[in-house]
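Basis for what follows: all heavy atoms, side chains included, without hydrogens, waters or symmetry-related copies.
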Number of protein chains: 2
Amino acid sequence: MTEVEKQTEDRIFESATEIFMEKGMDGARMKDIANHAGINKALLHYYYRTKEHLFEAVFEKMAAVVFSRFTPVFDENATLEEKIRFFFREHISFLQKNPRLPAFILNEINRNPDRMKKLLQRFSINEVWDNLERLHHDELIRYNITREMMPQLMTSIAAISIFPFAAKGILEVLFEKSGYDYNDYLEKRKDFAADFVIRAIKGPDHGRNEKEQPLEKPSLHKGDLLVKAQQTSGNKGKRKNI
Amino acid sequence: MTEVEKQTEDRIFESATEIFMEKGMDGARMKDIANHAGINKALLHYYYRTKEHLFEAVFEKMAAVVFSRFTPVFDENATLEEKIRFFFREHISFLQKNPRLPAFILNEINRNPDRMKKLLQRFSINEVWDNLERLHHDELIRYNITREMMPQLMTSIAAISIFPFAAKGILEVLFEKSGYDYNDYLEKRKDFAADFVIRAIKGPDHGRNEKEQPLEKPSLHKGDLLVKAQQTSGNKGKRKNI
DNA sequence: CATACTTTTGACCATTCGGTTAAACCATAT
DNA sequence: ATATGGTTTAACCGAATGGTCAAAAGTATG
């Protein structure tokens with residue numbers, strides 16, 4: 001009973017995720033989701049009252065997954081340079097397993113900005129800045145990174161990691177025409193991106209106080225920094241949301 | 001007659017552009033486009049047989065505009081560094097005037113990959129690589145940029161310029177919460193992005209043959225490089241496409 | 001004015017969509 | 001076995017959608 005219930009509910013959620021990710025909110029059909037889950041269409045409305053509710057559930061879960069991959073890297077103890085390397089390695093690897101995520105989030109945010117506004121209410125961006133300034137005070141000074149250029153730096157890092165997936169459809173075609181392999185490109189990007197950003201930070205005319213050598217370099221292992229995406233669990237009980 | 005015809009046809013196209021850009025192919029309603037253009041719904045089908053045809057026309061025009069802003073910078077005579085600066089200045093300025101373009105293209109490409117495949121058939125990416133290698137042979141060697149890392153470099157540049165607009169919805173909210181202004185961020189990004197990329201290219205452990213000074217530095221003026229987006233003209237005659 | 005043509009419209013159509021309902025189903029507790 | 005409660009279904013509904021059509025309106029030419 002609870003077993004079966006959980007099964008169908010999960011099957012609905014997973015099917016909805018798949019369909020919504022592929023077609024988007026507007027393009028997805030409730031019928032298709034039901035068929036994909038192998039159930040009657042009415043059952044969708046039994047668990048999630050409306051299409052909007054079902055979509056909201058999927059979107060929030062996906063957004064949570066995305067953001068949980070962004071923040072934790074900033075909290076740990078390691079060199080800024082090491083963190084950058086670690087971030088690109090882990091983040092690109094993560095997106096390789098979820099290549100549709102960036103386009104999905106970017107698209108739906110653009111389609112309904114209020115959703116993001118509501119969702120980001122909880123997220124404290126200032127904490128990120130503060131942590132960065134606290135944990136990497138010396139490095140930021142050495143590299144001449146002021147607080148007002150943090151958004152520039154952060155969005156550049158995010159862009160370099162996310163864009164190859166958001167623009168996957170273009171790049172695959174473009175690369176194929178000139179003999180490059182998209183997957184190979186992604187694999188190499190993990191290191192390239194890190195080198196690129198680190199060079200940009202330390203580069204000439206920028207890291208003016210650079211004479212001093214890096215103080216310590218605690219080695220980082222996969223899994224040290226990232227936490228699992230917290231399961232949004234899903235409200236139990238018969239129906240979801242209002 | 002021809003005057004009026006052109007008027008309505010253009011009004012349809014412009015209205016369609018606006019609605020499609022905001023809602024996407026799936027979210028847009030023919031009724032809304034007709035209302036926005038101040039005409040009868042049937043008239044849409046008179047000029048463009050189907051929604052698909054109308055969308056195709058809009059999409060191809062927008063894609064042409066986007067790509068026309070990407071390539072010409074590579075053809076001219078200037079330092080690689082100067083070209084990078086010029087590109088970011090012009091490209092970000094262009095996107096400031098068309099902020100919805102990136103999300104629109106990225107989204108619809110993802111939604112219908114075949115469209116891109118068809119559209120990029122004409123576009124010769126190899127010419128871009130060849131031109132780059134020919135015009136900047138010395139610089140590429142000096143900066144240690146191999147042909148196989150060109151895609152990495154190019155996509156990074158594109159990413160840094162495009163992402164702030166594709167993710168506008170997120171960034172605006174995030175910035176507001178921490179006291180940054182989005183428009184100010186964009187303005188500053190024109191220089192930051194250029195500095196960032198140039199530092200990354202010339203940075204330590206990379207530009208090994210860097211002792212030699214830049215050979216010449218022809219100054220670049222706005223308008224030197226960019227060509228107008230070639231008008232896709234629009235087939236005359238009563239109806240478009242099949 | 002009469003003719004011939006294109007442009008524009010209001011009414012209409014078939015289909016599809018998200019959503020509802022009442023009844024059937026099924027597992028458990030009494 | 002039967003009453004109880006959640007679960008699942010087939011059938012149905014009204015609204016909206018993309019699209020059609022025949023007639024009206026407009027315009028140029030004789």
Integer-rounded Å distance: dG10(C) P and L43(B) CG:
11 Å

Rounded to whole Å, CD of E9(B) lies from P of dT7(C) at a distance of 9 Å

Pair E60(B) + R122(B): basic N to acidic O under 4.0 Å
yes

Is the ring pair F87(A)/H91(A) parallel, tilted or perpendicular, if the boundaries are 30 and 60 degrees?
parallel

Near DNA chain D, which residues from residues 28-40 of chain B have a heavy atom under 4.0 Å away?
A28(B), R29(B), M30(B), K31(B)

Over 12 foreign heavy atoms within 6.0 Å of CD, E133(A):
yes

Round to the nearest Å and state the distance from K41(A) atom NZ to dG19(C) atom P.
9 Å

I160(A) pairs by side chain to side chain contact (heavy atoms under 4.5 Å, CB included) with which of T155(B), I157(B), I160(B)?
I160(B)

Could you tell me whether K118(B) and E56(B) have a side-chain N and a carboxylate O separated by less than 4.0 Å?
yes

Proximity to the side chain of T50(A) - top-ranked nucleotide from dG19(C), dT20(D), dT7(D):
dG19(C)

Atom NE2 of H45(B) to atom P of dC12(C): distance rounded to whole Å?
18 Å

Axial cation check for F165(A) ring with R100(A), 6.0 Å and 45° limits:
no

Is it the case that S161(B) and R189(B) place a side-chain donor and acceptor less than 3.5 Å from each other?
no

Y46(B) side chain N/O closer than 4.0 Å to the phosphate oxygens (OP1, OP2) of dC21(D)?
no

Starting at CG of L54(A) and ending at P of dG18(C), how long is that distance when rounded to a whole Å?
11 Å

Just the rounded figure in Å: distance from C1' of dT15(C) to NZ of K51(B).
15 Å

I'd like to know whether L44(B) forms a side-chain contact (heavy atoms from CB on, under 4.5 Å) with I39(B), so could you lay out the CA-CA distance, the side-chain angles of the two residues, the decisive distance to 0.1 Å, and finally the verdict.
CA-CA 8 Å; L44(B) 296 182; I39(B) 56 163; 3.9 Å; yes

OP1 or OP2 of dT8(D) versus the side-chain N and O atoms of T8(A): is any pair under 4.0 Å?
yes

Taking dT20(C), dT9(C), dT8(D) as options, the one with an atom nearest any side-chain atom of A42(B) is dT9(C)

Sub-4.0 Å heavy-atom contacts from residues 17-26 of chain A onto DNA chain C, ordered by number
none

Between S93(B) and K190(B): side-chain donor-acceptor atoms closer than 3.5 Å:
yes

Rounded distance (Å) that lies between atom C1' of dT8(C) and atom CD of Q7(B)
14 Å

Starting at atom OH of Y48(B), determine the distance to atom P of dT7(C), rounded to an integer number of angstrom.
13 Å

